[in-house]
Amino acid sequence: HDVVWLRVSASEAVARAGDAGDRPLLATDPSGLLAARTPVYRSTAGIVVDTDGRNPDAVADEVCARLGHPVAVPVRSPGGCYDVVVGPGLRARAALLAPPPADAERCFVLTHPELEDLAGPVAASYRQAGLAVERLPVPEGERAKSPRVAVALLRALARAGAHRHDLVVTVGGGVITDLGGFVASVYMRGVAVMHVPTTLLGQLDAAIGGKTGLDVPEGKNLIGTYHQPGAVLCDVDALRGLPAPELRSGLAEAVKYGFVAEPGLLDGLMHEAGALVAAEPRACAALVARCVRIKAGVVAADERETGERAVLNYGHTFAHAIEAATGYRRFRHGEAVALGMVMAAHLSQRLGLAPTGLAEQHVAALRALGLPVRASLRADALAEAWQRDKKYRRGVRFVLLREPGRPVVGVRAPQEEVMAAVGEVIDG
């Protein structure tokens, strides 16, 4: 049988047990007791789940994912309530797990031709549910997130006779979910959209929360809306065959969750790095479910990024500037986020918010996952790009850290300190 070890520290176990009056062993030496029993737990358990600082729902999600069972994480926000379903083999059951609107007649699948093998089961599922299915091809790469491509898709929907009660389904990475979500949000002032993200970054971050976005040459995601999906299906089988750099790019967003919300996630990421980069389904499902639950909690509290949700932009002011300054071609999004987080950590230290050593923690975690921590960039080009950041308010504002798990939003910093933090990371 599968044995799961719910690992807990001695201090946390004692805190949970409360008054040890009726627990004689806890009144003696809890740490010694745990140390004596740990070898037995380790030798018996095939699955280890850390529980310190985590709520029971999150722990249960990870246990289910590691046993190979689908996990449904609810997202509850003013703009819509829906489930993010995580697990293997979900695409063939898309219409069952993400039912179309009651009056839907047609389903429009937005994807690019190279993803036909992944999109095919999704299209077939909705066809079997009685919908007429039509493909809408999308160019590959970040440059597809453009007003020109969005208008072409909107016109294609109009020519096809799409109605307000019909369904848009996106199959692809964060570019396609951002683009498809935007198109669905503005066509006839809003039609239903379901997301089937096929990259790690898309599954644990981009497809969750209802943000949509288009890029223009002046900056990333400067055009966008909030439009919550009807459901998100994170089929971890879709991650097989992705290049290792693409999987590592997704892991950068998981590192972000660790630093802004759940520091215990960082050790798990480094421990599971090999399995994650190999797209091992159970490891990926556990990570995706854990990150989705973190993001779902933030989105529920602040759907439109007026406060708490801004913490999810940690490192992104720098990252978006890096992407814009390099024409969206040189770095994957997660690679830019990795560099941006190191810059943000250096800035946190320089402003006295965080103690020395925070940047080194970032470098250690990111290097362990094969992500960049230095790059050759022009500092002046970055400075020009972040002036157009969405968080600009009487000056550029940054999300920084006091320590892992304690983010600070809306921080303004002297230009010389920002440039010095950038200088710690760039060559040239």
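Values in this document were obtained by computation on a predicted structure and should not be read as measured data. The figures here come from the full heavy-atom set of this structure, side chains too, leaving out hydrogens, waters and symmetry mates. If you read the sequence from its start, that first residue is 1, and numbering goes on from there.
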**OP:** Report the distance from atom CG of L401 to atom NE2 of H362, rounding to the nearest 0.5 Å.
**Re:** 5.0 Å
Original post:
Would you find a donor on one side and an acceptor on the other, under 3.5 Å apart, between the side chain of S348 and the backbone of A344?
Top reply: yes
Original post:
Where is the tightest heavy-atom contact between L110 and G180, given as atom of each residue plus distance?
Top reply: CD2-CA, 3.6 Å
**OP:** Decide yes or no for S376 and R330: does some side-chain heavy atom of the first lie under 4.5 Å from some side-chain heavy atom of the second?
**Re:** yes
Original post:
Between T170 and T177, is any side-chain donor less than 3.5 angstrom from a side-chain acceptor?
Top reply: no
**OP:** Please check if the side chain of H163 supplies one atom and the backbone of M188 the other of a donor-acceptor pair under 3.5 Å.
**Re:** no
Subject >> Heavy-atom check, side chain of L239 versus side chain of Q203, under 4.5 Å >> reply: yes
Original post:
Is there a side-chain contact between L200 and L242, using heavy atoms and a 4.5 Å cut-off?
Top reply: no
Subject >> E262 side chain vs G264 backbone, donor-acceptor pair below 3.5 Å >> reply: no
Subject >> Distance, nearest 0.5 Å, that separates CZ of F259 from CG of L358 >> reply: 6.5 Å
Original post:
Taking the side chain as C-beta and beyond, is there a heavy-atom pair between R332 and R248 under 4.5 Å?
Top reply: no
**OP:** State the CD-CD1 distance between E335 and I322, to the nearest 0.5 angstrom.
**Re:** 10.5 Å
Original post:
Any donor and acceptor pair, going by atom type alone, linking the side chain of E424 with main-chain N or O of M343 inside 3.5 Å?
Top reply: no
Original post:
Between E272 and R66, does at least one N-O distance fall below 4.0 Å, as a salt bridge requires?
Top reply: yes
Original post:
With a 4.5 Å heavy-atom cut-off, do V299 and K295 have their side chains touching?
Top reply: yes
Original post:
Do M194 and V196 pass the side-chain contact (heavy atoms from CB on, under 4.5 Å) test, and can you show the C-alpha distance, the side-chain angles, and the key distance before you say yes or no?
Top reply: CA-CA 7 Å; M194 310 287 187; V196 186; 5.7 Å; no
Original post:
Can you check whether P74 reaches C81 side chain to side chain, under 4.5 Å on heavy atoms?
Top reply: no
**OP:** Please state whether the rings of H320 and H316 are parallel, tilted or perpendicular, taking 30° and 60° as the class boundaries.
**Re:** perpendicular
**OP:** Check whether any side-chain N or O of K145 sits under 3.5 Å from a backbone N or O of N221 as a donor-acceptor pair, and report yes or no.
**Re:** no
Subject >> Backbone N/O of L204 and side chain of Y257: donor-acceptor pair under 3.5 Å >> reply: yes
Subject >> CD on E12 to CG on L34, rounded to 0.5 Å >> reply: 12.0 Å
Subject >> Nearest-0.5 Å distance that lies between atom CZ in F331 and atom CG in L377 >> reply: 4.5 Å
**OP:** Drop me the distance from L222's CG to K220's NZ, to the nearest 0.5 angstrom.
**Re:** 10.5 Å
Original post:
If every non-hydrogen atom of V232 is compared with every non-hydrogen atom of A207, which pair is closest and at what distance?
Top reply: CG2-O, 3.6 Å
Original post:
What are the two closest non-hydrogen atoms of L153 and P137, and how far apart are they?
Top reply: CD2-O, 3.9 Å
Original post:
Should V86 and V84 count as side-chain neighbours, where that means a heavy-atom distance under 4.5 Å?
Top reply: yes
Original post:
Can R16 and T51 be counted as having a side-chain donor-acceptor contact under 3.5 angstrom?
Top reply: yes
Original post:
Just wondering, are more than 12 heavy atoms of other shown residues or ligands nearer than 6.0 Å to CZ in R76?
Top reply: yes
Original post:
So does D117 have more than 12 non-hydrogen atoms from other groups sitting under 6.0 Å from CG?
Top reply: no
Subject >> L115 side chain near I176 side chain, heavy-atom distance below 4.5 Å >> reply: yes
Subject >> Heavy-atom closest pair, residues L339 and R374 >> reply: CD2-N, 3.5 Å
**OP:** Taking all non-hydrogen atoms of both residues into account, name the closest pair between A310 and V399 and its distance.
**Re:** O-CG2, 3.2 Å
**OP:** State, to 0.1 Å, how close V255 and L366 come at their nearest heavy-atom pair, and which atoms those are.
**Re:** CG1-CD2, 4.0 Å
Subject >> Test item: side-chain donor near acceptor, H333 and E253, under 3.5 Å >> reply: yes
